[in-house]
Amino acid sequence: MQAALNPRQLAAVKHLDGPSLVLAGAGSGKTRVITRKIAYLIQRCGIDPRNIAAVTFTNKAAREMKGRVKKLLEKNQGKGLRVSTFHTLGLDIIRRELEILGYKAGFSIYDNTDSVALLKELMKKAFGDHGNQAEKNLWQISNWKSAFIQPDQALKEANGDPVLSTAATLYEQYNHHLKTYNAVDFDDLIMLPGLLFREHPEVLERWQNRIRYLLVDEYQDTNTAQYELVKMLTGVRGNLTVVGDDDQSIYTWRGAQPENMALLKEDFPNLEIIKLEQNYRSTRRILHAANTLIANNAHIFEKKLWSDLGHGDPIRIIRVANEEAEAEQIISELLHHKFVNRTKFKDYAILYRGNHQSRLFERALREHDIPYYLSGGTSFFAYAEVKDIMSYLRLLANPEDDNAFVRIINTPRREIGPGTLEKLSLYASERNSSLFNACFELGLAQHLSARAAERLHIFCDWILELANKAENGEPVETIHLMLRNIDYDQWLLDNGKDEAQANRRIGNIKELLSWIARMAKTTPEASLGELVARLTLLDTLERENEDDRGDQVSLMTLHAAKGLEFPNVYLVGVEEELLPHRNSIENDTIEEERRLAYVGITRAQKNLTLSFAQKRKRYGEVADCTPSRFIDELPSDDLQWTGEGVKMDPQERLQRGQAHLANLREMLAK
DNA sequence: AGAGTGAACCTTTTT
DNA sequence: GGTTCACTCT
């Protein structure tokens, strides 16, 4: 566990004063550097853990890092240490600076679905229809927020372009409505702290004094807003450590700016650059293939990964007739390999470009009774019943949350239908207030029937009563009371397709509640609003031993595979139009696709197999496929071709024999 | 109001 | 091929 650091890693850990950029190639131990550096700061330098913050992009990465730091420290030695995602850090800042920002306690966090719904609403109001453009506009707004660009600036920069001008106008309205609902979206969690710091130097100073040592993981994935935040927090003190790899930048389509790595050099002239080039993961052959492939990209920083884990087996390229044969063949090869090598299912991963590619593999795995783990299915929080209850909780914490209001006002039935809601909504926008507050305005009675108004009042009074209880008593008790009030389990039983489905849903709610109860126990001071906010930032509920997935084959997209490693990797569908994806060919973003392939290849420790089909069904039509250009970019000496239509000529047979011999020699030499 | 039908769509997706 | 969404029918 406490393996010695190599000299470069050690240098990275010990570099204390001033900013440093650790260029960490795939498998070079970057997480180890961050965790060891945190331990070093606390144990050797006597830094108060409360003054250290490590930031990651995913909950999973944060969890993993927390666990690894904990192992390095004595009990309680890390008290107050902050290891979180960018978004959670932003949430904490916003929560502590609520008044200055003009938000009220219990504010809601709108997720993607909420934001799309709001935008559709706004577009309907403005143009009578949203014409399926809501997502595109939201994407644009998100881009602006990620780039730290405000609505007025966006409008100026749109420069009369009709599409952009519309989006910019919507951006303004969208923000305005969020504020009315006492809500923020995901991007706001980054952007608002940035704006706050820019406008209030005294607040920034407070936070700079709190976070004296900042460490950022996967730095190549930062967007402009995140980098601004990092820069501001770092300030003149400059104790910034960032770890990243420009070759693994695969999120530029989401606003990530790998250029931020180069910008560091300009923004921090005393930047220390440390390269980690020894790979502890893969065989030389796999690494050589990865290096050869990625050499086709332009680079900000040059680096050359090496490994001393042996030469390794050739990389296999399998050609199959079609996508069904691909799944069948890969699975039977996997079984064969497992049998011969006495490995476990969890030693294997099947990686692909798009989620839809998983279907055939799932089928084949099920047919062979092979247990598998599918990453990236529906998130727990996407289930209707979970969304319902989350909406109730959001409304309790923040009655002005219109999305939550609309979602559950008539679930279960309260005889408040679209007609009533329509009138209420009209009145609310007239009064520039939230739906909830509009219910209490006197003028409403003129727009609604007495019965409808009465029903609304009953509902709102009930919410207020519960909200009061939640604030003064135990939030968890209040939640249970609320569920009993609405008799939600019964509603699920009455409205489900069948009993099994209803029971599954009831189970999900139970799981949600037990999670909240656990969370409330560990942080007794947290308000209902805080609990709900934390939940919103999670993709999935964390299980006790969630890393222990059991003995299962992993199935995931290349994006989801970043940061992971497996002894045996199958990279499937390596075809033009798939990897690289068709859109990337059209948009001329081949380099990112190449990095994606690079990420896939570098996941493998011992064995790597690529496959491509000659024909594949796409959108129901059978189409001819061409092997990916990336296969041509691999070192042909390290490849071994098999499959349909591939005859092994004597020359190749000889080569394979020699390769085999070389391998044996290598093994003997150890 | 909820189910049923046809038309349009379609990468990746940390939060 | 499969999903999502709007509109229509009962």
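Quick note: numbers below take in every heavy atom, side chains included, and nothing from hydrogens, waters or symmetry partners. Letters A, B, ... mirror the listed sequences (proteins, then strands); counts begin at 1. All values derive from a computational prediction rather than experimental measurement.
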Original post:
Does A/R359 make a side-chain N or O approach to OP1 or OP2 of C/dT3 shorter than 4.0 Å?
Top reply: no
Subject >> Sugar-phosphate or base contact per nucleotide [nucleotides 8-15 of chain B; S, B, -; heavy atom under 4.0 Å] >> reply: --BBBBBB
Original post:
Can you tell me how far the CG atom of A/L608 sits from the CZ atom of A/R603, to the nearest 0.5 Å?
Top reply: 11.5 Å
Original post:
Rounding to the closest angstrom, what is the interatomic distance between B/dT11 and C/dA6 at atom C1'?
Top reply: 25 Å
Subject >> C1' atoms of B/dT14 and C/dT3, separation to the nearest Å >> reply: 24 Å
Original post:
For the atom pair CD1 (A/I211) and CG (A/D92), what is the distance rounded to the nearest 0.5 Å?
Top reply: 9.0 Å
Subject >> Positive for side-chain hydrogen bond (donor to acceptor under 3.5 Å, both in side chains) with A/R407, one of A/D402, A/D388, A/D401, A/D114 >> reply: A/D388
Original post:
How long is the gap from CE on A/M390 to CG on A/L512, to the nearest 0.5 Å?
Top reply: 6.5 Å
Original post:
Taking CD from A/E324 and P from C/dG1, how many angstroms apart are they, rounded to a whole number?
Top reply: 11 Å
Original post:
Over how many whole Å does the gap from A/R363 atom CZ to C/dG1 atom C1' extend?
Top reply: 12 Å
**OP:** For the pair A/K30 and A/D245, evaluate salt bridge (Lys or Arg N to Asp or Glu O under 4.0 Å) and give the outcome as yes or no after the intermediate values.
**Re:** CA-CA 10 Å; A/K30 71 186 169 68; A/D245 179 6; over 6 Å; no
Original post:
Hey, which of A/K562, A/Q226, A/R254 is the one that makes side-chain hydrogen bond (donor to acceptor under 3.5 Å, both in side chains) with A/D221?
Top reply: A/K562
**OP:** Just label B/dT11 as syn or anti from its O4'-C1'-N9-C4 or O4'-C1'-N1-C2 angle, using within 90° of 0 for syn.
**Re:** syn
Original post:
If you look at every strand shown and take non-hydrogen atoms under 4.0 Å, does A/R534 touch a base, only sugar-phosphate, or nothing?
Top reply: nothing
